[in-house]
Structures are given as C-alpha cells and as structure tokens.
Undergrad: 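Shown below is the structure under consideration.
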Amino acid sequence: MKSNRLWYTLFLAPAILIFLLVFGFPVVNVIFTSFFDYKINQPMKFIGFDNYIALFSDKAFLISAKNTIIWVVLQGTVHVILGVAVALVLSHKPFGWKIVRTSYMIPIIISSAARAMLLLYVFNPQMGLVNSLFKMLGFENFSLNWYYDPSTSFWTVTSGWLFFASLITIIVMAEIATIPQSLYDAAKIDGASKLQTDLFVVLPLLRNVIGISVILAATSMLKEFELIFLTTNGGPNDTNLNLPLYLYKEAMMLNNYGYANSIGTLLIFLGLILIFTITKLFRFGQSDV
Amino acid sequence: MFSVKGEMNMQESIKNIIRKALTFIFLAVITFISVLPIFWVVISSFKSTREITSSPLSLPTSFSFDGYLTAISVSPIFQYYGNSIIVSVAATLLNLIFMGMAAYVFARVKSKFINVLLAVMSVTLFIPITSMMQSIYSVIEAIGLYDTKTGLVLVYTAIGIPITLFVLRSFFLTIPKEIEESAYIDGASFVRTFFSIIVPIARPGFATAAIIQFINCWNEFLFALTLTSSNENRTVPLVLNYFTSMFSYDYTALFAALTMIVIPSIIIFILLQEQVVSGLSSGSVKG
Amino acid sequence: MKKSLKKLSLLLLSVMLIALTACSSKTSEEATDGEIVIKFPHYYVGTDPHAQWFDGVVEDFNKEHKGEIRVVTEEIAGEQNYVDKMKLLLQSNDTPDVGMSPLGLLDLAYEAGKAVDLTPYLEEDPEFKEQFDPKSLEVNTYDGKVYGLPSFKGMMGYFYNKELFDKAGISEPAKTWDELFEQFEKLKKAGITPVSMDTAETGWLSSLWFNAMIGSDSAAGLEFMNTYFPKDFNKPYIVDSLVKIQSMLQEYTTSDAVGSKYDTAAMHFLNGETAMIANGPWMIADFSDPNKAKEGLDKQIGVALYPENTLFNAPEKGYFVLSKDKEHQDATVEFIKELVSPERQKELLLLKGELPDSPKVEITDDVKEKFPILAEFLTVAEEAENEILYYQKTWHNNVQNEVSSIYPALGNGQLTPEEAADKLTKAAEKN
C-alpha cells in the first residue's frame, strides 16, 4: 500500500492548499493579535494576556459566555434529537413524506433577514400571530411582548433555531439510505416493531452521522449571530447576548480589535474542545464495517 | 380463544391507529411551522407596504405585481442573479471535488495526525467571520482577486470545507473496504477506484453535501459585500438592502425580491434530493 | 498509475479552467487616455429617493468631463454596510477617493490620517466657500482645517395628528414638558395612544424625545446636547429624562413599541393610530403616500417644536476626500463641488423636502406649495430657543447602540433610570 500513501497525500493536497490560502493567515492573525492592544488608527502594542484577564472580569462577556454555552448544549441535544427523529419517521415514507421533507428545509433556505422579520411579526405583542391566537382562545387582554419580557425573551430567541433541524434531517436521511433492506426484513422476521427496529437496529448504525450532527449543531451556536442581531440585538439588558454578538460589538462599534480577537480565540478553543469531546464520545472515525 | 385473539388484534390496531395519528400530528406541526415563512413571504409580495406593516399576518386584499416591477427596476437583481448562479455552482463543484477527495482520505487513514488535521480544518465552523474579515480581504486583495467572481468562488469553496468533509467522511465510512480491495485486485488504479466505484456509491452523500454548500453560497452576504465592488461581480443577497433604507422602505419590493431569490434554492434542493431517494429505494451497498 | 495521475490532473485542470473562464476576469476600471478615475462607494441606492438623483448627478458630471474625469461608483445598500466596508478600506491600501459621513466615519478617516485637507480649495475659490453655512464648516473642521463638505442639515421637531388632538380636546402643542404629559394623559383617556416610539436599531424616535428632554432641561443639559462624544451620563438631567422616557414607554405608547423598529412605529402614526411622532421633514412625503399612509392623513398633520421651544438643528458632517495624489484630489473636489452645489441642494429639497445646508438655497414658493407642512415647520422653527444636536452626530457609536438595549429594559422594568444612565456612562467610557 505504499503507492496509496502517495495518492492519499495527493488527494489531501488541494483541500489543504485551499484552506491555507484562504484561512491560514486570518486564523493565525486572530490568535496572534489577541495578545495586542489593537485598535483602529493606533499602533499595535503587545500586552500579553491582558485582554484575556480583562475578559474574565467583564460582566457582559460572562453573560455572553453563559448564554453561548446554554445554546451549544441545547443545540447539541434537543435540536439533534429532533432532526434525527424526523429523519427516522420520514425514512418509513409515510403519506406525504416528500412534501414534509421539502417544507422542513425551507426555513434554512430562506435568508436569516427574512426569517428574523417574520419572527418579529409572529411574536409582535400588538398584532402578532401568537398573541392573536391567545386572544382567539378567549384571553381577551392577553398581551405579552415575547421578545422583550425578561421571562420569555431568552426562550423566544431560542425558538428561532431550536426546532429547525432540517440540516440534521437530510444528513441523517442520506445515511439511512445506505442501510440495506435486508436488515429491516431480518428485524421484522424477529418480530420487532418499527419503533424497535429504529431504536435498536437503525440508530446504532447511525452513530457516526449522529456524532457529526452533534458537532455541526453544537458548533453552529459558537457562530450564531444574525438571528439574535436582527431580532433583539442581544437585549433587553443583555439577556440574549452571546459571544459572536459581543465580539461584533467590540470590533465594529468600538474598533477594539485586539479584545474582540481574544473572544475569537476563546471561541476557537471552545470549538476544538467540543470537537475532540464529541469525537471521543461517539468513538467515530471508526468504520462500522 | 377466538375472541381473545380478536381483542388482541383490536388492541394492536388501536395502537397502530394511535401511532399513525401521532406521526401525522408530528409531521403536520413540523410542516406548518416550516411552510409558514415561505407562505408569508410570497403572500406579502402581493400586499402594499402599508398592509404588510399594519396587518402583517393577513391575506392581501388585492393582488398586484408592483412589488416585482419595483424590485426589478430599482435594483440590479437580474444581473446579480446571473452572478450568483455562476459563483454558487462553481463553488459547489470545486468544493465537492476537492473535499470529496480529502474526505476519502480522512475516512480511510487512521492516525493522530489525520484527526488533528481534520480538527484544524474545521476551525471555520466556529470562528465568527467578523474577526477574519479584514485578513481575508487582505489575502484576496494581495493575490489580485478583489472584485472578481474567482475570488468569491475561492472563498466560498473554502467556507464549505468542514461541513462537506464531515458529511462525506461519514458516508465513506459506511462503504466497506472490501469493495475497493476487490477493485484493486481486478487491477483498477486508486484514482479509478475512487472516481468510478466509490463516488457513485456515495452519491446520496454528495447530493446532501451539495445542497448544504449551494444554499450557503447562495445566501452568503458578508463576503459578497466585502470582496466585490462592481455590479458585474455582486451576488443576489446584496439586493435585499436596496429596499430597506430606514426612512424609505418598500417591503412589497423586498418580499418580491425574496421570493425570486428563494426559488432556485428550493429547485436545487428538490432535484438533488432525488439522488438521495434513489439511494433509499434501490436498497444499498452495505453487506 | 501514471495514466491515472495524468487523468486526474487533467480533470482538475479542466475544473479550474471552467471555474476561471466562467468567472471572467476583473472588470477594467483603469484609466484610458489619461482620464482620471474617481472611485466613489455610496449608499444612495434602491428605494432611497437619493438614488435617482445621485445617478443623474454622476451621469451629467461624467458627460461634461468626458476624457478628463470619470466617476466610478460602488453601490452599497444600507448605511451600516457602507460604514463596515469603508472601515475595512480605510485600513487597507486601496482607499476610494470620496467618503460620506454617517456614524462618525469622517472622524475615523481624519484620525487615520487619510482625509485630505480641503482648506486650500475653499481659500482659492471664495464663492465656493461662501455657499456653506459657517456653522457647518466648523463641524467639519479639525485642528483649524476643513475636511468635510456638507450639502444638507438635520432639523427635527415632531408631527402631531390634529384630528386626534381635537378628539381629546387639545387645542395646541404643549409649551412645557408637564403640559405634554397632561396631553398624553388626556389622549389616553380619550382612548388614543399618545405617541409612536421605537427601541430597535438606535431607537430613533425615542431617542429624539430623550435628547430634546436633556437639551431643554437646563443650561447644563443644553450644553451636554451640544458636546461631542460626552463620557459622563450620570447627570441629574439625564436621569430625569430617562424617568420621562420610561413612563412614556410604559404608559403612553403602543404595546409593541418596546422592540419595534422605526417602520412599525411610523406605521401606527401613518395609520392615524397614534397622535404624535418625532421626526424630520423627510417624513412629510410619506403622509400623502397611499402605499404607506391612511387616505387624507396629510391634511390632518401639524408640526411643532419640542416643549420649551426646543429644536434639533444640526449641521452635518459632509463628503470628504481620500485620494492619495494631487491629481485625483483636484478631480475629486471638482466632483464634490458639483454634488454639493446650491442647484443640486435645491433639487433634493424639491425631491424629498431635504433641508439644504447652503443659505444660498432659497425656499421658494414652489417648495412651499409642494410641502405645505415643511413651510409650516420652517415658520415654527424661527421661534426656537434651544437649538440642539442629536445623538447620532454626537454620541459614540456603541453608546448609540447601547440605547437599544436600555430602552426595552426601562420599558419592562429590568433597569431603573439611574442604572440606565450608569450603563450609558460605562459604554461611553469604553471608547
């Protein structure tokens, strides 16, 4: 297999080259400048770990870190479970499954700008869909400002992405497509119900792809920005601030690039930790066959 | 005895009905919350701005195509449309070919080095673009690709690295090694084995990765704004802000443009999903 | 093996070629025959009424200077997008020739040492210098040198709905803040929502009230509103104003004001659902736009100064030059001269009621006929005693952003006015 070694290298080369060309310098730059006092129109000054030390006594940073972690956990669990559940249900081709599959995809096809606008109207306290429904049900004076009431704000923002797991669904469905019909038939002969087959035969075979789904879903929350920015902009009173949004505010409003990049560097670390933990947890990379 | 069996059958069928009903409700809810946005966008494109803001969730009182006419006349939407198609298709193709090759290696080679390499190449999953914008601009400017479609294609190909790698690697892992080995024994070369045996088997995986990559390219805004300056190279997401200037917004035109922008993604999705279905129905390669 | 290597490289090569040819090469913007090319990124695009006007100016100018100067524009829809991209270009070596001044951009360009001193151009052409309001040149002056050339100014009072005022038994706009709050109470009793407010983005409508309260509170408040980049918001007049804003958000506005953008708040006023809205003359055209306003609304609208005869009268920061060499600088100034000329200012006045910077532009009868409410506004504006600037010109960027977090928290009771003032101070100190 010595010859394959050469081929492996050649097959990896273009991907690595493209990665290095586009992201090599920028990633190094983010990490490097996080150790500097680096603002627009000022000479850069090396300050060691000062940015990081400042971060941990910065209240807004701590709130954003807490929110980010909650969202990562929710997305890595609830979101993935929902996505896998839809995939399993659809894999049995129930009535109208193609329509459901295409419909479920639409929210992530539409740009975040439109989704944010819709969400604002759905939860609008005066003329929104949700409050209108409550009024129709007989709660005449019902008026809740979902996005801005401190008790509902966080969960209203979360609902903007938590249930829309179609990315997971299509990835998992593609993998289910590779499971041979003979396995289903064998399970049926053994007297297993559909649910039992899904849980004890199919799910274990999906270990790799579910691991990947958890990685993609969880890490997406380290980057989530637009929907928060366009709905509550992190408010009210920082209730919905997360790390990417805080980074954006530091970089774009205050031109405080060194500080912003120290947040960026922490996000890189968080992400790498997530990837390694999830990889360990799902033991993946190991072939099933 | 007969009656007991009948009762059991009854129980079974009741269970069956409940299960079917639950499945139906579950799918109905999912469909409802998902279709709502597109339904609302399309409906709104026929309402006046006043109707949209004052009764956002109502049906239009009359149909008018003014929004579409305004969208076409005040923004270069068609020009951007063409650019978007070129850029998204090129970036998807390049991404699939190069990441497909790399993912194959990531699936077949087991080593610490390979794991670390994969983790490093996934950093773009979690670095907010804000913090890389300036540097990426400098890189693209330095290699002379500022304000070119090639520059955008390059960056978009790179953005999709981690997702495509992960999706395809997981797919390659389901393909038994025996298939390749027997191909080698038959005298097929490495490249030939990959392109004419492995890739066709992994078609559903490629289709899935292509959907995700295409949608991401099609909707990308920040790089499109930063890395281009002339209308010859700009893409369609940039059009949306043409209608939302703070004091002179035109939401009818905005939703008309949105409708026009969303359609290609949905078509691509439906077409590519057929590839996955064909996998579903034709059984499989495993075993 | 060799064969397949060849095949592979052939495949990759062809993919690259397709990609490259499909993505045809850079559009040529380079000069031909010594024509000087001026690069001008701008946000006068789309549904902005400026768009057509601006395209016309560029087209005329390019025709007139054919073979000598050519203005090449880059369309950037959205002010924030424009600023984000300009910041990036300012840090690179590829700066454009002209800049516009929203959100403190001129300050940044000046601090970066990239803005060009325009004083010599004003000195060598006295007629040109005379067209500007000296006050606005002052705003564009740093270290005794002029860097920006404005073409309009921001004047804002508030609009009110006469029909709704009648219903509530109110005869004329309030002279004092206490009287205004009595009117709010009267309107509320009559079942009318008194005022349109917003909190998203930078809470434009709420912020105008907030600023007017500060500026009319006392001599100190007036000075605060006319100071650039204030750092200390822990002042009694700020806390007092925030108390008023809190009560407006909780008692006297629509239930969706907290969290809403300008458009929703404006819609309530344009539908005749609220009695007052703070804004500038550019809104006047909306009152008679059937796509936006209730029919006949324009006949019911009055315009007033804020209590204590307070008026926003803010000279704007203007266009500035970033060109690197004398040749381009001269050409760029040539174009800006055209862009800010009194004739062009007059066009904008007629187009959208935008108030010109130049005292040389007369508000003639045709303007008054087209925008009667504007004429009324200019009359009441003469009564102004407290003239103030507004937050988007004078407060730090992140403080402007901070208010969109503070107003909702005041509205839902998460913050007291004292705490809110402290948060503004903390935000300002970060700069």
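Here is how names work: the chains are called A, B, and so on, in the same order as the sequence lines, proteins then strands, and each is numbered from 1.
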Undergrad: Which residue, Val236(B), Ile215(B), Leu240(B), forms the side chain to side chain contact (heavy atoms under 4.5 Å, CB included) with Ser111(A)?
TA: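 One option only clears the test, and that one is Leu240(B).
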Undergrad: Determine the minimum heavy-atom distance between Ile108(A) and Asn219(B), stating which atoms define it.
TA: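 Looks like O-ND2, 4.1 Å.
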Undergrad: Of all of Ala113(A), Gly264(A), Gly271(A), Ser166(A), which one pairs up most often with chain B through heavy atoms under 4.5 Å apart?
TA: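 Of Ala113(A), Gly264(A), Gly271(A), Ser166(A), Gly271(A) has the most heavy-atom pairs under 4.5 Å with chain B.
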Undergrad: Nearest heavy-atom pair of Phe269(B) and Thr102(A): which atoms, and what distance?
TA: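 Closest approach of Phe269(B) to Thr102(A): CE2-CA, 3.5 Å.
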Undergrad: Check whether Leu258(B) gets within reach of chain A through its side chain, its backbone, both or neither, counting any heavy atom under 4.5 Å.
TA: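 The answer is the side chain of Leu258(B).
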Undergrad: Could you pull out the closest heavy-atom pair between Pro14(A) and Phe98(B), with the gap in Å?
TA: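 Looking at all heavy atoms of both residues, the closest pair is CB-CD2, 3.4 Å.
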Undergrad: Quick one: of Val22(A), Leu267(A), Val100(A), Leu118(A), who has the most non-hydrogen atom pairs under 4.5 Å with chain B?
TA: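 Ranked by heavy-atom pairs under 4.5 Å with chain B, first place is Leu118(A).
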Undergrad: Using a cut-off of under 4.5 Å on heavy-atom pairs, state which of Ile263(A), Thr9(A), Leu195(A), Leu129(A) scores highest against chain B.
TA: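 The candidate making the most pairs under 4.5 Å is Leu129(A).
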Undergrad: By a 4.5 Å heavy-atom criterion (distance strictly below it), what part of Ile261(B) contacts chain A: side chain, backbone, both, or neither?
TA: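 Contact with chain A is absent: no heavy atom of Ile261(B) under 4.5 Å.
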Undergrad: Does atom CG (Leu271(B)) have a neighbourhood of more than 12 heavy atoms from anything else shown, all under 6.0 Å?
TA: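 Yes, enclosed.
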Undergrad: What part of Leu243(A) gets closer than 4.5 Å to chain B, counting heavy atoms only: side chain, backbone, both or neither?
TA: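 Neither part; nothing is under 4.5 Å.
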Undergrad: Quick one: what part of Leu165(B) sits under 4.5 Å from any heavy atom of chain A, side chain, backbone, both or neither?
TA: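 Neither part.
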Undergrad: Considering only heavy atoms, which portion of Ile136(B) lies under 4.5 Å from any heavy atom of chain A: side chain, backbone, both, or neither?
TA: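 When you check distances to chain A, atoms from both the backbone and side chain of Ile136(B) fall under 4.5 Å.
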Undergrad: Heavy-atom pairs under 4.5 Å with chain B - which of Leu17(A), Leu272(A), Leu274(A), Asn261(A) has more of them than the others?
TA: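 Most heavy-atom pairs within the cutoff with chain B belong to Leu272(A).
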Undergrad: Of the backbone (N, CA, C, O) and the side chain (C-beta and beyond), which part of Leu57(B) lies under 4.5 Å from a heavy atom of chain A, both, or neither?
TA: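 Only the side chain of Leu57(B) comes within 4.5 Å of chain A.
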Undergrad: Return the orientation label for the Tyr8(A) and Phe190(B) ring planes: parallel under 30°, perpendicular over 60°, tilted otherwise.
TA: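 Ring orientation of Tyr8(A) relative to Phe190(B): perpendicular.
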Undergrad: Which atom pair, heavy atoms only, marks the closest approach of Met101(B) to Leu10(A)?
TA: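 Heavy atoms of Met101(B) and Leu10(A) come nearest at CE-O, 4.4 Å.
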Undergrad: Which answer fits Tyr251(B), side chain, backbone, both or neither, if we ask what part of it has an atom under 4.5 Å from a heavy atom of chain A?
TA: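 For Tyr251(B), the side chain is the part near chain A, not the backbone.
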Undergrad: Below 4.5 Å, heavy-atom pairs only: which of Tyr121(A), Tyr248(A), Phe164(A), Phe25(A) has the largest tally toward chain B?
TA: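 Answer, by heavy-atom pair count under 4.5 Å with chain B: Tyr121(A).
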Undergrad: With rounding to the nearest 0.5 Å, note down the distance linking OH in Tyr257(A) to OG1 in Thr130(B).
TA: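 One finds 10.5 Å between OH of Tyr257(A) and OG1 of Thr130(B).
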Undergrad: Checking Phe24(B) against chain A: side chain, backbone, both or neither under 4.5 Å from a heavy atom?
TA: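 Contact with chain A: none, neither part.
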Undergrad: Of all of Ile110(A), Val209(A), Val30(A), which one pairs up most often with chain B through heavy atoms under 4.5 Å apart?
TA: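 The option with the most such pairs is Ile110(A).
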Undergrad: With a 4.5 angstrom heavy-atom cut-off, is it the side chain or the backbone of Ser265(B) that approaches chain A, or both, or neither?
TA: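 Contact with chain A involves both backbone and side-chain atoms of Ser265(B).
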Undergrad: Taking all non-hydrogen atoms of both residues, which atom of Ser54(B) and which atom of Met127(A) are closest, and how far apart?
TA: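 Result for this residue pair: O-SD, 3.5 Å.
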Undergrad: Once rounded to the nearest 0.5 Å, what's the spacing between atom CD1 of Ile170(A) and atom CD1 of Ile211(B)?
TA: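 If I round to the nearest 0.5 Å, the distance is 4.5 Å.
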Undergrad: Check Ile275(A), Val72(A), Leu270(A) against Phe126(B) for a side chain to side chain contact (heavy atoms under 4.5 Å, CB included) and give me the one that passes.
TA: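 Single pass found, and it is Ile275(A).
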Undergrad: Given heavy-atom pairs under 4.5 angstrom as the criterion, report whether the side chain, backbone, both or neither of Ile161(B) touches chain A.
TA: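 Only the side chain of Ile161(B) comes within 4.5 Å of chain A.
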